[in-house]
Amino acid sequence: MLENPVLDPKRIPRHVAIIMDGNGRWAKQRNLPRIMGHKAGTESVKDIVRTARELNLEVLTLYAFSTENWKRPSMEVQGIMALLKTYLKSELQSMLQNDISLRCIGETDKLPADIQKILNEVIQKTALKTGDKPSLVLNLALSYGSRAEIVRAASIMAEKCVSGQFDPEDFSEQLFASHLYTVGLPDPDLLIRSGGEARLSNFLLWQLSYAELYITETMWPDFKGDNLIEAIRNYQDRERRFGQTSEQLQAE
Ligand code: FPP
């Protein structure tokens, strides 16, 4: 247990994104098959969603499966898909009870048909009614790669230029962002990576431009609510300058 960390409720990050790394190593350290690491990692997902909700985060984005992860042994891919399916089925009620709205980013059409079906069902059932604000948006990155997302946005915008919906002169950062999967979500304020590696791994390259980075040696299956609180406490010690000087920020 971490020692009684105190968070400033006025400076809770709106959006936390997490690269959930270290499941395989966690399993290896225990002489278990890799899939047991992913299974234990699913329990961490539940704990982190619960804590994110309690802390009043607006958005929690979890990197659950990358475009590159398709290259893993098919047994492991199938195992992760099975865990995902069980998770979505078992957590639907809890999401409804806790005003958690599920979203998904990535090439979801590449997922197995049964996963697409349950995913769409949970997304529809937890979708907001017009005007409602959810307590938490749980945003799962599935078959997600940031470069592919950026190329997709550029391609949609090019098509819109060809069909006359807008001109290249209309391009802006805002217009571009509105063609990414994350349209409507605030950019992440904090990126957490478990498992100790200092890489972005093709995750939210556009959206993380001004995020604070927090890397912990803790493997994902050991990363629980207290670790999230510690990451946010660390974030609250930082000064986010967005390119300005400290003096300018203080004057504001
Ligand atoms: C990275 O660890 C983790 C993954 C590729 C899969 C993450 C999946 C889950 C936590 C379970 C299913 C997801 C949800 C949302 C219920 P790694 O295997 O690369 O670990 P390593 O670097 O130690 O090998």
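Both counts, for ligands and for their atoms, begin at 1 and track the order of listing.
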Name the closest protein heavy atom to [atom], giving the residue it belongs to and the distance to 0.1 Å.
atom                    : result
atom 22 (O) of ligand 1 : Asp21 OD1, 2.9 Å
atom 10 (C) of ligand 1 : Asn23 ND2, 3.6 Å
atom 14 (C) of ligand 1 : Leu84 CD1, 3.9 Å

Taking atom [atom1] of [X] and atom [atom2] of [Y], what is their separation to the nearest 0.5 Å?
X      : Y      : atom1 : atom2 : result
Asn98  : Leu138 : CG    : CG    : 11.5 Å
Leu228 : Ile48  : CG    : CD1   : 5.0 Å
Leu136 : Leu60  : CG    : CG    : 6.0 Å

Given [options], identify the one with the heavy atom nearest to [atom].
atom                    : options                      : value
atom 8 (C) of ligand 1  : Ala64, Ser201, Gly41, Ser194 : Ala64
atom 23 (O) of ligand 1 : Arg25, Met20, Glu43          : Arg25
atom 20 (O) of ligand 1 : Ala40, Gly24, Ser66          : Gly24

**Report entry** Thr108, Leu204, Thr61 screened by side chain to side chain contact (heavy atoms under 4.5 Å, CB included) with Tyr144, the one that passes
**Finding:**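 Testing each of Thr108, Leu204, Thr61 against Tyr144, the sole residue satisfying side chain to side chain contact (heavy atoms under 4.5 Å, CB included) is Leu204.
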
Query raised in the report: Which one of Val122, Asn120, Asn139, Val137 satisfies the side chain to side chain contact (heavy atoms under 4.5 Å, CB included) criterion with Leu102?
Result: Val122

Requested in this report: Report the part of Asn69 in contact with ligand 1, treating N, CA, C, O as backbone and CB onward as side chain, heavy atoms under 4.0 Å; options are side chain, backbone, both, neither.
Outcome: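 Answer for Asn69: side chain.
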
Query - Test: Arg30 cationic atom under 6.0 Å from Trp26 six-membered ring centre, within 45° of axis - result: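 Satisfied, under 6.0 Å and within 45°.
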
Quick check on contacts: which atoms of ligand 1 are under 4.0 angstrom from a heavy atom of [X]?
X     : result
Tyr87 : 16 (C)
Arg34 : 17 (P), 18 (O), 24 (O)
Arg72 : 5 (C), 17 (P), 18 (O), 19 (O)
Thr42 : 11 (C), 12 (C), 16 (C)

Query - Salt bridge flag under 4.0 Å for residues Glu149 and Arg152 - result: no

